[in-house]
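Structure first, commentary second.
As the structure lists them, so they are numbered: ligands from 1, and atoms in each ligand from 1. Counting from 1, the numbers follow the sequence of the chain as shown.
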Amino acid sequence: MSTISKIEKFRVPPRWLFVRVETSDGIVGWGESTLEGHTEAVEGAIQDLTERFIGADPSNIEDIWQTAYMGRFYRGGPVLMSALSGLDIALWDIKGKKLGVPVWQLLGGKLRDRVKVYGWIGGDNPSDVVAAALERKEQGFTAVKMNGTDAASWIDSPDILRGTVDRVKQVRQIGMDVGVDFHGRLHKGMAKQLARLLEQCQPLFIEEPLLPTQPEEIADLSNAVSTPIALGERLYTRHDFRPYLERRAIDIAQPDVAHCGGISELQRIASLTATYDVALAPHCPIGPIALAACMQVATSAPNFTIQEMSWGIHYNRTSDQDPLGNADLHTYMANPEVFTVKNGHLEILTQPGIGIEINEDRVRQAAKYCLENMSPWRNPLWRGDDGSLREW
Ligand SMILES: [Mg+2]
């Protein structure tokens with residue numbers, strides 16, 4: 001019997017955490033456990049999984065998933081689920097490689113030939129969005145996402161909302177679709193104004209219009225505007241999605257494959273959300289392994305609609321610290337050409353496993369440098385004019 005013989009983790013620039021699983025018969029699978037800003041906590045959780053699953057049969061993905069989820073009494077949440085996500089993705093990669101098929105063949109086969117994608121523009125403080133959108137257009141994108149606002153207080157000046165509408169209009173005028181990420185920055189009194197004002201621009205969706213602690217209030221907002229409501233990057237497992245579905249609060253589910261429980265749980269969330277007529281748009285502002293994992297479900301899920309990808313995202317600019325100079329989506333890949341955007345789409349991945357080849361030497365070199373020279377990535381902490389905390 002083949003067994004899991006080694007589980008390694010690699011913290012690499014710009015802010016990613018990769019997992020490498022090796023089997024006794026020499027197959028290597030890659031996963032991603034990136035939890036932006038909480039790397040050390042996830043590394044600890046991966047250490048626990050390593051102790052538990054060395055010697056296990058890698059083909060028993062469901063048993064390993066359930067044991068990891070149920071086995072230590074406490075379950076769910078970002079840290080434990082991100083660690084499990086990385087292991088799960090690596091196990092699917094191994095299974096596909098062993099059987100000589102892409103993972104989507106094991107999820108029921110393909111029902112599309114290419115996958116619609118969107119990129120990011122605008123950074124945290126949106127300015128000059130047109131230049132950024134044109135850059136994405138040049139890369140092949142037809143859709144982008146941008147942040148709605150800067151920091152805001154609970155009830156802020158309506159003036160901050162007018163700028164958002166102008167920026168979205170500008171990008172729409174060059175012929176691109178736009179998703180607007182509220183990032184949970186606004187509270188109800190501001191979010192409902194902005195959602196109404198944006199209707200005239202017909203965004204693809206508005207994302208996290210409120211914090212994911214507010215399913216009832218998001219349901220109210222969803223009833224008040226015609227724009228599709230998207231949410232899910234801060235939800236873990238089907239159980240966290242349930243209140244949003246039961247309250248008819250969302251139109252688009254955005255589970256992040258590196259946080260929600262890997263390919264196994266992303267596939268289950270896809271099925272669950274489809275029964276509520278909710279579309280699937282996997283969240284993925286992170287690394288290439290997570291994107292490859294999302295692509296497997298995107299290829300086979302009937303309610304899949306659009307895939308986020310991080311090529312050129314502002315978070316990838318770490319050249320001040322990073323010897324690789326702006327490690328980006330393609331940096332650690334031996335077959336970067338599979339992530340070429342054309343007419344707004346990626347072709348589906350056809351190689352066995354999750355469909356990408358990792359440049360292992362580069363990963364090891366970057367991880368060594370990262371550990372010795374770089375501090376883990378942290379999100380900024382924002383305060384308003386009065387000195388009090390703001391949501392980032
Ligand atoms: Mg978001």
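Between Q47 and K9 there is a side-chain heavy-atom pair separated by less than 4.5 Å.
Both cation-pi conditions hold for R15 and Y315: the charged atom is under 6.0 angstrom from the six-membered ring centre and inside a 45 degree cone around its axis.
The Mg ion (ligand 1) forms the vertex of an angle spanning OE1 of E233 and OE2 of E207; to the nearest 10 degrees it equals 90°.
Taking 2.8 Å as the criterion, E208 does not count as a coordinating residue of the Mg ion (ligand 1), since none of its N, O or S atoms falls below it.
Remark: D361 does not engage R364 in a salt bridge, criterion side-chain N to carboxylate O under 4.0 Å.
Between F18 and Y332, the ring planes are perpendicular. Angles over 60° get that label, and only those under 30° would be called parallel.
When you scan the N, O or S atoms of D181 for the one nearest the Mg ion (ligand 1), you land on OD2.
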